[in-house]
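Below, each value reflects all heavy atoms present in this structure, side chains not excepted, and no hydrogens, waters or symmetry copies.
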Amino acid sequence: MSLLKPKQPALLGLDISSTSVKLLELSKSGGSYKVESMAIEPLPDDAVAEKIIQDPEAVGECIQKAVKKSGSKAKYAAVAVAGSAVITKIITMPVALIDNDSELESQIEMEADQYIPYPLDEINLDFEVIGPSEDNPETIDVLLAASRSENIEARTEALEIANLKPKIVDVEAYAIENSSSLIAKQIEENEDNSIIAVVDIGATMTSLNVMEDGNLIYTREQTFGGKQLTEEIMRRYGLSYEEAGRLKKAGGLPDNYIPEVLEPFKETIAQQVGRFLQFFYTAGQHSNVSLIALAGGCASIPGIDELIESQLEAPTVIANPFANMSLSPKVNPQSLSNDAPSLMIACGLAMRGFD
């Protein structure tokens with residue numbers, strides 16, 4: 001689903017996080033995808049705070065650099081807002097409205113007024129018909145999504161600064177739902193592969209998105225991420241934030257870094273994932289998941305999948321939506337492999353061009 005209606009099939013997927021812009025362009029032939037271009041460009045400090053754009057001009061310039069770096073010629077883009085910036089609600093409508101788009105839209109706007117705590121002229125609103133209601137064949141279930149217009153406008157402004165045309169504003173959880181279909185093959189060996197928990201651990205935010213048979217059934221976000229490891233490196237070794245981040249990725253920290261800093265942080269990640277899953281189990285009918293797929297920058301920490309699998313006793317993999325894709329000559333295979341877990345949202349957005 002989207003908060004702006006899609007009109008153009010070919011799209012750049014642009015994931016604007018708190019620390020970087022991630023760009024991905026896909027093509028599709030038959031049922032197979034190909035990575036045409038990709039780039040990751042760091043954002044200036046405070047340009048985005050907890051997924052909310054503070055400086056559209058700085059973000060736009062960063063997007064422009066990413067496009068140039070990627071070599072892409074695409075002019076249309078899809079972006080996403082965080083789940084915390086979106087209100088979703090399943091409402092029921094008379095089944096007779098399903099063939100009358102204008103009447104359905106009018107009725108949904110009237111219903112939305114009951115659930116959205118903002119004036120309708122201050123929000124962007126979209127809906128998707130899910131299907132017949134389980135308990136009443138005379139009604140249909142409709143998924144309603146709304147976000148403050150300022151969240152949408154900041155993203156579209158940044159795209160326009162980068163000379164791109166915004167075509168879709170999606171929700172991050174639905175972008176992950178989209179790309180999760182590509183990691184389903186990672187669990188073919190499991191007898192029960194119906195429930196996939198994608199844990200996206202970014203720089204400042206972590207999200208849990210649970211799919212059952214490919215459909216999003218649960219999502220939760222909280223403030224936690226790799227920035228906490230960077231800040232601990234700063235404190236421990238007296239480094240600037242930039243230097244701590246560089247050495248975290250490139251190596252070169254003192255010998256006690258792994259046992260005294262990295263391993264405790266990995267334990268903290270495992271505890272956070274365990275808490276997330278407990279919230280999920282408490283909220284619904286399920287008592288286990290078939291697979292945990294780790295996404296986001298922290299998924300690249302060596303051994304994090306084995307630690308979580310052993311502690312939570314659930315099969316755990318590093319998410320790689322590109323495992324079965326071909327690559328254009330412009331794409332560096334090693335860079336794509338290294339960054340694959342952090343490109344789940346960008347991938348899901350790029351796939352929207354083929355809906």
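Annotation: side chain of Cys62 is not in contact with side chain of Ile16 (no heavy-atom distance under 4.5 Å). The side-chain heavy atoms of Phe279 and Leu208, taken from C-beta on, include no pair separated by under 4.5 Å. Side-chain contact check for Val289 versus Tyr281: some heavy-atom pair is nearer than 4.5 Å. Annotation: side chain of Thr316 is not in contact with side chain of Gln311 (no heavy-atom distance under 4.5 Å). When side chains are defined from C-beta on, Ile168 does not count as touching Tyr76, because their heavy atoms never get closer than 4.5 Å. Side-chain contact between Thr19 and Lys227 is absent, with no heavy atoms from C-beta onward closer than 4.5 Å. Counting heavy atoms from C-beta on, the side chains of Ile183 and Val198 come closer than 4.5 Å. Side-chain contact check for Leu144 versus Thr88: every heavy-atom pair is 4.5 Å or farther apart.
No side-chain donor-acceptor contact under 3.5 Å links Thr92 and Ser133. A side-chain donor from one of Ser17 and Lys22 sits under 3.5 Å from a side-chain acceptor of the other. The closest side-chain donor-acceptor pair between Lys248 and Thr230 falls under 3.5 angstrom.
Side-chain N or O atoms of Ser149 include one that pairs as donor or acceptor with a backbone N or O of Ile123 at under 3.5 Å. At least one donor-acceptor pair closer than 3.5 Å links the side chain of Ser179 to the backbone N or O of Met344. Under a 3.5 Å cut-off, the side chain of Arg155 and the backbone N or O of Ala80 do form a donor-acceptor pair. Ser18 places a side-chain N or O within 3.5 Å of a backbone atom of Glu50 that can act as its donor or acceptor partner. Formation of a donor-acceptor pair under 3.5 Å by the Glu177 side chain with backbone atoms of Leu216 is found in this model.
Annotation: salt bridge (Lys or Arg N to Asp or Glu O under 4.0 Å) contacts of Arg220 (sequence neighbours excluded): none. Here Glu41 pairs with Lys69 under the salt bridge (Lys or Arg N to Asp or Glu O under 4.0 Å) rule; sequence neighbours left out. Checked against salt bridge (Lys or Arg N to Asp or Glu O under 4.0 Å), Glu25 has no partners two or more places apart in sequence or in another chain. In this structure, the side chain to side chain donor-acceptor pair (under 3.5 Å) partners of Gln222, at least two apart in sequence or on a different chain, are Gln272.
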Passes side chain to side chain contact (heavy atoms under 4.5 Å, CB included), Val35 versus Leu26? Steps please.
CA-CA 5 Å; Val35 182; Leu26 300 176; 4.0 Å; yes
Cys298 vs Thr206, test: side chain to side chain contact (heavy atoms under 4.5 Å, CB included). Steps then yes/no.
CA-CA 10 Å; Cys298 288; Thr206 296; over 6 Å; no
Test side chain to side chain contact (heavy atoms under 4.5 Å, CB included) applied to Asn163 and Val67, step by step:
CA-CA 10 Å; Asn163 299 313; Val67 172; over 6 Å; no
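Atom CD of Gln114 has more than 12 heavy atoms from other residues, nucleotides or ligands within 6.0 Å. Other residues, nucleotides and ligands contribute more than 12 heavy atoms inside 6.0 Å of the NZ atom of Lys51. Within 6.0 Å of atom NZ in Lys75, 12 or fewer heavy atoms from other residues, nucleotides or ligands are found, so the atom counts as exposed in its surroundings. For CD1 of Ile258, the number of neighbouring non-hydrogen atoms (other residues, nucleotides, ligands) closer than 6.0 Å is 12 at most. The neighbour count for Lys28 NZ, taken as heavy atoms of other residues, nucleotides or ligands under 6.0 Å away, is above 12.
The shortest non-hydrogen separation linking Ala299 to Ile318 is O-CD1, 3.3 Å. Closest non-hydrogen pair, Ile345 versus Ala175, comes out as O-CB, 3.8 Å. For the residue pair Ser300 and Asn338, the shortest heavy atom distance occurs at OG-O, 3.4 Å. In plain terms, the two heavy atoms of Asp15 and Ser342 that are nearest each other are OD2-O, 4.2 Å. Closest non-hydrogen pair, Phe265 versus Gly225, comes out as CZ-O, 3.7 Å. Residues Met38 and Asp339 share a closest heavy-atom pair of CE-OD2, 4.2 Å.
Considering Leu97, Ile91, Ile130 in turn, Ile91 is the only one that fulfils the side chain to side chain contact (heavy atoms under 4.5 Å, CB included) rule with Val142.
If you chain together hydrophobic residues whose side chains sit under 4.5 Å apart, Phe224 and Tyr218 fall into the same group. In the hydrophobic clustering of this structure, Phe280 groups with Ile269; members are Ile, Leu, Val, Met, Phe, Trp, Tyr whose side-chain heavy atoms approach within less than 4.5 Å, directly or through other members. Hydrophobic clustering of Ile, Leu, Val, Met, Phe, Trp and Tyr side chains at less than 4.5 Å, counting indirect connections, keeps Leu343 apart from Met205. Hydrophobic clustering places Tyr115 together with Leu125 (ILVMFWY residues linked when any side-chain heavy atoms are closer than 4.5 Å, directly or through intermediates). Follow the hydrophobic side-chain contacts under 4.5 Å out from Ile301 and you reach Phe276 in the same cluster.
Hydrophobic cluster membership of Met110, counting Ile, Leu, Val, Met, Phe, Trp and Tyr whose side-chain heavy atoms lie under 4.5 Å apart directly or via other members: none, as it forms a cluster of its own.
Distance check: Asn178 CG to Phe354 CZ gives 11.0 Å after rounding to the nearest 0.5 Å.
Among residues at least two apart or in separate chains, salt bridge (charged side-chain N to carboxylate O under 4.0 Å, His left out) pairs with a member in residues 258-286 are Arg236-Glu260, Glu263-Lys266.
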